[in-house]
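Worksheet: the structure to be examined is printed underneath.
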Amino acid sequence: MAADQAVLRVPPPLSAKVVGSFAYLTVKDRLPTILTKVIDTLHRNKNKFFEEYGEEGINAEKQAISLLSKLRNELQTDKPLLLITDGLQDTESWNQYMQRQQRLLGDQDTVISWFKSAWLYVECYMYRKIQEALILNPPISNFDVYKEGKTQSFFESQQAVMALCTYLADIHKNMEKLSKNQLFEFFNKLLQVSLWGNKCDLSISAGQENSQKTSPIDSLNSLQPFILVDDSNMVWSTLTSSQRLEVSGKNVVERVDIVLDNAGFELVTDLVLADFLVSSGLARQIHFHGKCFPWFVSDVTASDFQWTSRQMMAANHMWMSKSGVRWQRYLKEGVWCYHDHPFWTQPHEFCDMAADAPDLYATLREADLVLFKGDLNYRKLTGDRDWSHTVDFSTALRGFGPAPLCSLRTLKANVQVGLQPGQGEKLTSQDPNWMTSGKYAVIQFYSPQPE
Ligand code: F6P
Ligand code: MG
């Protein structure tokens with residue numbers, strides 16, 4: 001299918017379907033539900049704002065709630081989207097993007113409204129408007145309305161985190177003696193743990209608890225049939241590519257970038273994978289990319305990143321705390337680096353990155369491999385278009401390819417490319433919700449042609 005034939009997806013119809021033990025709500029339900037939770041969180045923190053800032057704090061809370069209630073009403077009644085007015089670094093770019101969306105509609109007289117615009121844009125816009133409601137109301141501008149949920153998700157996954165850190169410690173003990181095959185086996189397992197870690201996000205369950213309780217390693221075999229595309233061999237080949245032979249004869253890539261998704265258990269799985277990559281010598285440096293402000297309920301911000309590694313260090317479990325200590329050291333020594341860039345909290349498809357965020361594109365070009373975590377990144381990689389399932393991943397990327405890249409994603413939205421002929425149809429007949437339930441996953445790789 002040609003790129004211009006694949007249409008942008010608009011919000012799906014109002015409905016709620018029960019998948020497993022969670023009620024996965026579709027967009028028109030989920031977005032107001034998220035707004036209601038945000039309002040409730042602000043209200044519950046009223047006393048805290050008073051203690052910290054006195055009357056000023058209470059007034060700010062009231063004003064923010066009033067803006068958010070207005071936003072919820074506009075959403076539910078399909079009102080036109082309004083410009084962002086908080087004068088932040090990205091405000092101009094958001095407002096220009098609105099004009100772009102207007103042009104996409106092809107008719108200057110049609111207003112961009114909540115239900116008549118591209119779903120990707122509308123969803124991102126809601127999170128940016130929540131941020132605006134806080135920014136416009138100092139002194140509570142920096143309050144993270146999703147912090148409680150992220151913290152809870154981390155603590156509720158403790159058993160799984162302990163099991164994972166113990167597993168990592170065993171690998172560390174034998175690292176020197178591992179054969180290439182054994183290394184590959186551990187790599188595969190930890191890549192899959194990071195993949196399935198993506199099941200635990202809070203935006204799909206509209207903020208409901210969604211954590212990992214069992215040992216993630218033990219579940220891998222039973223989850224294998226749900227990986228619809230598995231390009232892990234290509235990821236491994238990239239990491240062990242012979243072009244990068246060191247003088248010692250050891251294969252090593254300089255740099256792996258991880259575009260993070262959710263805090264809580266998923267972040268721990270990413271850090272464990274990153275730890276394995278550097279401690280095994282498969283990579284020299286890891287660059288993490290997180291969000292500049294709270295986003296899609298559970299996404300990682302700089303504060304979540306720091307908080308997680310400090311919590312690990314302080315944990316009352318030997319292998320968790322040893323992992324945390326090592327991670328702090330990696331950060332201090334520059335083996336690991338954390339970055340954020342406003343582009344990650346904008347609605348753009350990634351094929352726009354080279355033109356709209358050339359500095360970020362140039363940064364990613366320095367990587368030997370970029371791992372994109374999660375569903376939202378997949379939607380942005382593929383432009384969230386209504387592609388035929390058999391379209392190549394490379395076609396759907398539409399020129400985006402700063403470096404070899406791999407998407408590690410559990411399916412939560414109606415877009416999936418790179419399947420075998422008939423595979424999508426078969427899945428639809430067996431399980432009509434296969435694209436949105438988070439039950440299936442892909443490890444999907446692409447490498448740009450050398451220049
Ligand atoms: O489907 C719900 C949703 O909010 C999607 O819009 C979004 O793509 C996804 O959840 C977020 O998931 P992830 O955290 O994996 O990016
Ligand atoms: Mg997320």
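The shown structure was predicted, so the numbers you read here are calculated from the model rather than taken from an experiment. Counting starts at 1 for both ligands and their atoms, following the listed order.
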Proximal atoms of ligand 1 relative to Asn198 (non-hydrogen, under 4.0 Å): 15 (O)
Centroid separation His339 to His287 less than 6.0 Å: yes
Ligand 1-proximal atoms of Arg409, by part, heavy-atom distance under 4.0 Å: neither
Location of contacts on Asp375 toward ligand 1, heavy atoms closer than 4.0 Å: both
Plane angle bin for Tyr125 and Trp114 - parallel if under 30°, tilted between 30 and 60°, otherwise perpendicular: perpendicular
Contact atoms of ligand 1, heavy-atom distance to Glu123 under 4.0 Å: 3 (C), 4 (O), 5 (C), 6 (O)
Ring geometry between Phe372 and Phe350 (parallel below 30°, tilted from 30 to 60°, perpendicular above 60°): tilted
For Arg30, the ligand 1 atoms whose distance to one of its heavy atoms is below 4.0 Å: 1 (O), 2 (C)
Mutual orientation of the aromatic rings belonging to His341 and Phe343 [parallel < 30°, tilted 30-60°, perpendicular > 60°]: perpendicular
Considering only N, O or S atoms of Asp261, the one closest to the Mg ion (ligand 2): OD1
Atom of Asp299 closest to the Mg ion (ligand 2), considering N, O or S atoms: OD1
Nitrogen or oxygen of Asp299 less than 3.5 angstrom from that of ligand 1: no
Geometric class of the Phe393/Tyr446 ring pair [parallel <30°, tilted 30-60°, perpendicular >60°]: perpendicular
Numbering as shown, the atoms of ligand 1 that approach Gly374 to under 4.0 Å (heavy-atom distance): 15 (O)
Asp375 near the Mg ion (ligand 2): N/O/S under 2.8 Å: no
Donor-acceptor side-chain pairing of Trp196 and Thr410 below 3.5 angstrom: no
N, O or S of Asn262 under 2.8 Å from the Mg ion (ligand 2): yes
Check: Trp94 ring centroid to Tyr127 ring centroid under 6.0 Å: no
Ligand 1 versus Leu376: contacting region, heavy-atom distance under 4.0 Å: both
Heavy atoms of other groups near Gln89 CD, more than 12 under 6.0 Å: no
